[in-house]
Protein chains: 2
Amino acid sequence: MSYLNLDVQICHSLYSATNALIRAYRPLLEPLGLTYPQYLVMLSLWQEDGVSVKHLAEHTRLDSGTLTPILKRLESKGWLQRVVSDQDERQKSIQLTAAGRRLRKKAESIPETLACQVIGNPEEALQLKALCESLYSTLSGADKP
Amino acid sequence: MSYLNLDVQICHSLYSATNALIRAYRPLLEPLGLTYPQYLVMLSLWQEDGVSVKHLAEHTRLDSGTLTPILKRLESKGWLQRVVSDQDERQKSIQLTAAGRRLRKKAESIPETLACQVIGNPEEALQLKALCESLYSTLSGADKP
DNA sequence: GTAATTTATATTGCGCACAAACTATTTGCC
DNA sequence: GGCAAATAGTTTGTGCGCAATATAAATTAC
């Protein structure tokens, strides 16, 4: 059996598991009118509001070219505003609206609902997260000095 | 700290690690003119040629609505043909061309090259794969009787 | 043997991922 | 001060993910 065997590819397992998990989020996010990446942005803003696009990109690990259209959609839904910064006019401050802050209430049940569907063993879940974090930091630091 | 905290989300770790890993494949696949999902399809066909779209969808875990355009692109690049089946005219048999089979040679170095960049501990890699497989099978069997 | 159902694949439409190119500020440098 | 380089964000184009719908052939029911 060769290394080119599909069933041996770690990335294939990772890829299909991730897609399946995001698919599982969909029915829970649909009542809020959010996609999964939009949910990530809202999670970040519920934690820390009034940040720059760059900060948001780092925290959510989304590309800025991906983030801009997401932020526009969230703005058009009335959940945030993109305000040009005073000190530095290149920057935009992303600010939740009152409606955006209220949306958090509707999201509160999501993590637990999903966990019940998905997580067999909580220890394994933590292990999976740790392994992914380790992989991510290897990859994102890979080509730096 | 709430369950709505971004830094606690397993899915976020999974999502960003997967995207980063696929990004790492890109420079290795670019000389072959393949994207990662196209590479998955070719891996599957190098293992088992002349299969139906349905079979390919199951093996690669790609949706048939995703697979059709991928197969068309691979066909237009001359690496496979989509032949209507004789026995059942609804089915198409996906068949590698000679060029498609030859492409395998150029792909042979990819798994090892990537593994060297990415994998610290081979045991952890296997663990990660096993956890993803377990998650995938939980999720794909979740709503069945 | 024909109608209803199921199955295999294709199409459409929206949102995301990302590289590359672009615009507009700001910061350094002299 | 004036100009080059760096930085923040946007735009563009290609491909994918996926739900919903469509098409067409095969199967089942009667």
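Here is how names work: the chains are called A, B, and so on, in the same order as the sequence lines, proteins then strands, and each is numbered from 1. All values below come from the heavy atoms of this structure, side chains included, with hydrogens, waters and symmetry mates left out.
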Expressed as a whole number of angstroms, how long is the span from A:Tyr36:OH to D:dA19:P?
17 Å
Measure CZ/A:Arg61 against C1'/C:dC18 and give the value in whole Å, please.
18 Å
B:Leu62 CG to C:dA10 C1', in whole Å, measures 16 Å
If we ignore hydrogens and angles and just use 3.5 Å, is the side chain of B:Glu124 paired with the main-chain N or O of A:Leu131 as donor and acceptor?
no
Between B:Arg26 and C:dC18, is there a contact of a side-chain N or O with OP1 or OP2 at under 4.0 Å?
no
At 4.0 Å (heavy atoms only), tell me whether A:Ile22 reaches a base, stays on the sugar-phosphate, or touches nothing.
nothing
Counting N and O atoms only, with roles assigned by atom type, does the side chain of A:Trp46 sit under 3.5 Å from a partner on the main chain of B:Leu6, one being a donor and the other an acceptor?
no
Do any N or O atoms of the protein come closer than 3.5 Å to N or O atoms of nucleotides 1-5 of chain C, and which pairs are they?
none

Expressed in angstrom and rounded to an integer, what is the separation of B:Tyr25 atom OH from D:dG15 atom C1'?
19 Å
Taking A:Leu62's backbone N and O only, do any of them form a donor-acceptor pair with A:Thr66's side chain (distance below 3.5 Å, no angle check)?
no
Contact letters for nucleotides 8-13 of chain D, in which S counts primed atoms plus P, OP1 and OP2 and B counts the base, heavy atoms under 4.0 Å:
SSBB--
When rounded to the nearest 0.5 angstrom, what is the spacing between OG1 in B:Thr113 and OH in A:Tyr3?
12.0 Å
Electrostatic pair A:Glu108:A:Lys105 at N-O distance under 4.0 angstrom
yes
Distance in angstrom units between A:Gln38 CD and C:dG15 C1', rounded
8 Å
Using only atom types and a distance under 3.5 Å, with no angle test, would you say the side chain of A:Ser16 pairs donor to acceptor with the backbone of A:His12?
yes
Heavy atoms, side chains only, cut-off 4.5 Å: are B:Ser2 and A:Arg104 in contact?
yes
Is the closest side-chain heavy-atom distance between B:Leu71 and B:Leu56 below 4.5 Å?
yes
For atom CG of A:Asn19 and atom C1' of D:dC18, their distance in whole Å:
10 Å
Contact class for A:Gln87 (heavy atom, under 4.0 Å): base, sugar-phosphate, or nothing?
sugar-phosphate
Over how many whole Å does the gap from A:Ile70 atom CD1 to C:dC18 atom C1' extend?
12 Å
Whole-Å gap separating P (C:dG15) and OH (A:Tyr39):
20 Å
Cation-pi geometry met for B:Arg26 and B:Tyr36 (6.0 Å, 45°)
no
Can you work out whether A:Lys77 or A:Glu89 has the more 5'-proximal nearest nucleotide on DNA chain C?
A:Lys77
